[in-house]
Amino acid sequence: MRRSQMLLPTLREDPKDAEIASHILMMRAGIIRKLDAGLYTFLPLGHRVLLKVIQIIREEMNRAGAQELLPPILIPASLWRESGRYDIMGKEMMRLQDRHENDMVLGPTHEEVFTHIVRENVQSYRDLPLNLYQINTKFRDEIRPRYGVMRCREFIMKDAYSFDIDEAGLEKNYQAMREAYRRIFTRCGLEVIPVEADTGNMGGSNSEEFMVPSSVGEETIIHCRSCGYVANVERAQAKREFSPSSEEMLPLEEIATPNIRTIEELVAFLKVSAEKFIKSLVYRTENEIVMVLIRGDFMVNETKLKHAIGCIELEPATEEEVEKVTGAPIGFVSPVRLRQKVRIIADESIPPLRNAISGANKKDYHLKNINPGRDFSWDVVADIHEVQEGEKCPYCSQELKSYKGIEVGHIFKLGYKYTEAMNVRVLDKNGQSITPIMGCYGIGVGRTIASVIEQNHDANGIIWPMSIAPFHGIIVPVNMSDPATVEAAEKLYQKLSTHFEILLDDRDERPGVKFKDADLIGIPIRITIGKSFTEEKKVELKLRRSEEKHLVALDEVEKVFEDWYEKEMAPYRL
RNA sequence: CGGGCCGUAGCGCAGUUUGGCUAGCGCGCUUGGUUCGGGUCCAAGAAGUCGGGGGUUCAAAUCCCCCCGGCCCGACCA
């Protein structure tokens, strides 16, 4: 490709609305342009990278026995009504009507569609197992798109759905995907860590996310250096020991706490440590109002809480709802002497407490000497606390650490949720009708590319891994007004292009401009035809990722280039 | 949806507080020259509904009202 003919608008300055390295560089290097909030065009350079990543994914999925197909992204609402998700999905699912006023949906995920395809076309256990995938555009009307293609509304995702006759089959497919993912990310030059994950409202049991450790990541990961336990904080556990107190139960006592609401304020005001408090929170679910109790020094993990309650929607109750249930404003509530009967969900840290402090359900008053069991009871006890750095590993009791990560892939066992809801039946070898079991496996393609840039850049720009670089090499003729230079560049370009993807920077620009651009767009191998060529007929080869420069005679360039290419490619071959 | 910041040339910005020459600067773009190993130098030039609408005023980018859009933080998120 000739640079002079390519739509490759590089920017000298950082765009105003980009914050993280990958977003800034994708804009500056002419990889993407924004069309509207969360909607991006991949320009030619970016499209080349996109195709390479897709190709790697495709090869590895096929290798693992999955089959590619291509369903539409516009989906009739009826399928979503069948699974029961039409009403559950919320506003991130883009809903629209066609000209016949039929309700339609832009697919945010494709469980229903794939389940439907299997339902229509598979009748026998002989047809299973199946693992079907697509690499397709998805749409989620994100509440707040950000960081360029890291979190956008329209994006490309690879998603696969497996169908098996039993759990053993599912386990096999799951493991095959796990291995395929490891290979895919390695080949893309991305370091990822599989972590235990929550299954969300997808339903299902086992689940792992593939995380790229990064300070700009939106997920929090809990990690034990000692035994290797790694989990998304949404599901992470810690070893918790609560020894029952031998303290004698004292009588309840009201204490005045004017305008003192938070645990922090109470600790300061009463000079009592946070472990003595019961944090009482009121939440609303799709069915009911509940009160949630946790010890003052812990935070509630809303994902765990959802599981404990068994609900789908969960949000803090409004001020009015809180008053109605407790009789007091937020900050002065407790499970003792509630005005209305509601279900009470208690963290494991609650029952062992003695003579604890919480609200009096009366403005500007708290109660002390609250004793669980004596002064109130609860409906559910569960671990609903959010693990913090410094807590103990559930397996080896060593100290847990936390860090941020970008979720680039997710695999999980769905179970029978969709096949049952949508009535998928096949006959087993005994002629009995059975319901297949599903798994689901996704990779965010754009997010993968952005993550690669997060991990591979310097002050001058992107440093592409050879495996997904938009070009293998770039030829930079330093002086376009020197006919000998131009001729050599042209010849080299023709020759190398027979085996490699080469960008020829044939613009009549100053050398500085060309070098800056070459660094910015991150082509792995640069060939400079400059003063060493005019002086001694040698051209210079340089790797983007190192400072070393090698002078090579013109007729040896092809061979050296091939060596370098192989060396650069080696880490990404499996 | 709540809080904060911001909309002036393709991009990045100044000017708005205190209304007043013809609306500016850098980059980019066009033309000519110059230079040729890290975003040359010189000259000439094109390019603006100052986010939109309404109002105040002799006069509005600047003051007032309404609306729209963007970004950041939060709520949300297979």
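Owing to the predicted nature of the structure, the values given are computational and were not obtained by experimental measurement. Lettering of chains follows the sequences in order, A, B, ..., and the numbering in each one begins at 1.
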Enquirer: Just the rounded figure in Å: distance from P of B:C72 to OH of A:Tyr147.
Expert: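 From A:Tyr147 OH to B:C72 P: 8 Å.
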Enquirer: Using heavy-atom distances to pick each residue's nearest nucleotide on RNA chain B, tell me which of A:Asp36 and A:Pro511 is more 5'.
Expert: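 Looking at RNA chain B, the more 5' nearest nucleotide goes with A:Pro511.
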Enquirer: Which residue is it: A:Glu209, A:Glu208, A:Glu196? I am looking for the one with a side-chain hydrogen bond (donor to acceptor under 3.5 Å, both in side chains) to A:Asn232.
Expert: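 Among the candidates, only A:Glu209 passes.
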Enquirer: Over 60° means perpendicular and under 30° means parallel, so classify the ring planes of A:Trp564 and A:His550, tilted if in between.
Expert: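 A:His550 vs A:Trp564 ring planes: perpendicular.
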Enquirer: Both distances under 3.5 Å, Watson-Crick or G-U wobble: report the partner of B:G10, or none.
Expert: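 Pair assignment: B:G10 / B:C27.
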Enquirer: Given the C1' atoms of B:U22 and B:G28, what is the spacing between them in whole Å?
Expert: 25 Å
Enquirer: What nucleic acid atoms does A:Glu209 come within less than 4.0 Å of, heavy atoms only: base, sugar-phosphate, or nothing?
Expert: nothing
Enquirer: Using the C1' atom in both, what is the distance from B:C71 to B:U30, to the nearest Å?
Expert: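 It works out to 33 Å between them.
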Enquirer: Which part of the nucleic acid does A:Arg28 contact within heavy-atom distance under 4.0 Å: base, sugar-phosphate only, or nothing?
Expert: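 Base, at least one base heavy atom under 4.0 Å.
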Enquirer: Name the one of A:Arg507, A:Arg526, A:Arg12, A:Arg28 that satisfies salt bridge (Lys or Arg N to Asp or Glu O under 4.0 Å) with A:Asp517?
Expert: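 The passing option is A:Arg507.
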Enquirer: Kindly point out which of B:C27, B:G38, B:C73 is positioned nearest to the side chain of A:Glu19?
Expert: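 Of all the options, the side chain of A:Glu19 is nearest to B:C73.
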Enquirer: With sugar-phosphate meaning primed atoms plus P, OP1 and OP2, does A:Met27 contact a base, only sugar-phosphate, or nothing at under 4.0 Å between heavy atoms?
Expert: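 The answer is nothing, as A:Met27 stays clear of every strand by at least 4.0 Å.
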Enquirer: Is there side-chain contact between A:Lys542 and A:Glu548, with heavy atoms separated by less than 4.5 Å?
Expert: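 No; the side chains remain at least 4.5 Å from each other.
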Enquirer: Of all the nucleotides listed (B:C71, B:C27, B:C77), which has the minimum atom distance to the side chain of A:Glu92?
Expert: B:C77
Enquirer: Return the 5'-most residue of the pair A:Tyr161, A:Lys531 with respect to RNA chain B, ranking by each residue's nearest nucleotide.
Expert: A:Lys531
Enquirer: Taking any heavy-atom pair under 4.0 Å as a contact, classify A:Lys549: base, sugar-phosphate, or nothing.
Expert: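 Touches a base.
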Enquirer: Looking just at side-chain N and O atoms, do A:Asp159 and A:Tyr161 make a donor-acceptor pair shorter than 3.5 Å?
Expert: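 The answer is yes; a qualifying pair exists.
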Enquirer: For B:C5, give the paired nucleotide (Watson-Crick: N1-N3 plus N6-O4 or O6-N4; G-U: N1-O2 and O6-N3; both under 3.5 Å), or none.
Expert: B:G70
Enquirer: CE of A:Met94 versus P of B:C76: gap in Å, rounded?
Expert: 22 Å
Enquirer: Taking only side-chain N and O atoms of A:Arg12, does any of them lie within less than 4.0 angstrom of OP1 or OP2 on B:G28?
Expert: yes
Enquirer: Reckon A:Lys306 touches a base, only the sugar-phosphate, or nothing at all at heavy-atom distances under 4.0 Å?
Expert: sugar-phosphate
Enquirer: I'd like to know if the side chain of A:Tyr147 pairs up with that of A:Arg447 as donor and acceptor (distance under 3.5 Å, no hydrogens or angles considered).
Expert: no
Enquirer: Any donor-acceptor pair under 3.5 Å between the side chain of A:Glu509 and the base of B:G39?
Expert: no
Enquirer: Under 3.5 Å, is there a donor-acceptor pair between the side chain of A:Lys158 and the main chain of A:Tyr441?
Expert: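 It does hold such a pair.
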Enquirer: In whole angstrom, give the distance that lies between atom CG of A:Asp508 and atom P of B:U34.
Expert: 12 Å
Enquirer: Does the Lys NZ or Arg CZ of A:Arg119 fall within the cation-pi geometry relative to A:Phe114 - under 6.0 Å from the ring centre and within 45° of the axis?
Expert: no
Enquirer: If you measure from CD1 on A:Ile449 to SG on A:Cys188, what distance do you get to the nearest 0.5 Å?
Expert: 8.0 Å
Enquirer: Counting any heavy atom closer than 4.0 Å, what does A:Pro316 reach on the DNA or RNA strands: base, sugar-phosphate only, or nothing?
Expert: nothing
Enquirer: Could you state the CG-P distance from A:Asp482 to B:U34, rounded to the nearest angstrom?
Expert: 16 Å
Enquirer: So what does A:Arg526 hit on the nucleic acid, given a heavy-atom distance under 4.0 Å: a base, only sugar-phosphate, or nothing?
Expert: base
Enquirer: How would nucleotides 1-13 of chain B be written as a contact map, 5' to 3', with B for base contact, S for sugar-phosphate-only contact and - for no contact, using protein heavy atoms under 4.0 Å?
Expert: ----------BSS
Enquirer: Rounding to the closest angstrom, what is the interatomic distance between B:A46 and B:C1 at atom C1'?
Expert: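 About 45 Å, rounded to a whole number of Å.
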Enquirer: What is the separation between atom CE on A:Met89 and atom P on B:C76, rounded to the nearest whole Å?
Expert: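 After rounding, the gap between these two atoms is 16 Å.
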Enquirer: Determine the Euclidean distance between corresponding C1' atoms of B:C13 and B:U8; express it in Å to zero decimal places.
Expert: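 Nearest-Å result for B:U8 against B:C13 at atom C1': 9 Å.
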Enquirer: Any donor-acceptor pair under 3.5 Å between the side chain of A:Asp519 and the base of B:G38?
Expert: yes
Enquirer: For nucleotides B:U56 and B:G24, find the distance between their C1' atoms and express it as a whole number of Å.
Expert: 27 Å
Enquirer: Looking only at the side chain of A:Lys34 (C-beta and beyond, no hydrogens), which of the listed nucleotides B:G70, B:C77, B:U40 gets closest?
Expert: B:G70
Enquirer: Send over the distance from A:Glu218 CD to B:C77 C1', rounded to a whole Å.
Expert: 9 Å
Enquirer: Can you tell me, in whole Å, how much space there is between the C1' of B:U62 and that of B:G20?
Expert: 11 Å
Enquirer: Sticking with atom C1', work out how far B:G19 lies from B:C27, rounded to a whole angstrom.
Expert: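 Result for the C1' pair: 31 Å, nearest Å.
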Enquirer: Can you tell me the distance, in whole Å, between the CD atom of A:Glu234 and the P atom of B:C76?
Expert: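 Nearest whole value for this atom pair: 11 Å.
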Enquirer: Cation-pi between A:Lys413 and A:Tyr174: NZ/CZ under 6.0 Å from ring centre and within 45° of the ring axis?
Expert: yes
Enquirer: Let's see if you can work this out: which of B:C76, B:G39, B:G37 has an atom nearest to the side-chain heavy atoms of A:Arg146?
Expert: B:C76
Enquirer: What is the distance, to the nearest angstrom, from the CD1 atom on A:Ile88 to the P atom on B:C77?
Expert: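 It is 13 Å, rounded to the nearest whole Å.
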Enquirer: With rounding to the closest Å, how many angstrom separate the P atoms on B:A43 and B:G26?
Expert: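 Here B:A43 and B:G26 have their P atoms 12 Å from each other.
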Enquirer: Which is true for A:Asp517 with a 4.0 Å heavy-atom rule: it touches a base, it touches only sugar-phosphate, or it touches nothing?
Expert: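 Base, at least one base atom sits under 4.0 Å.
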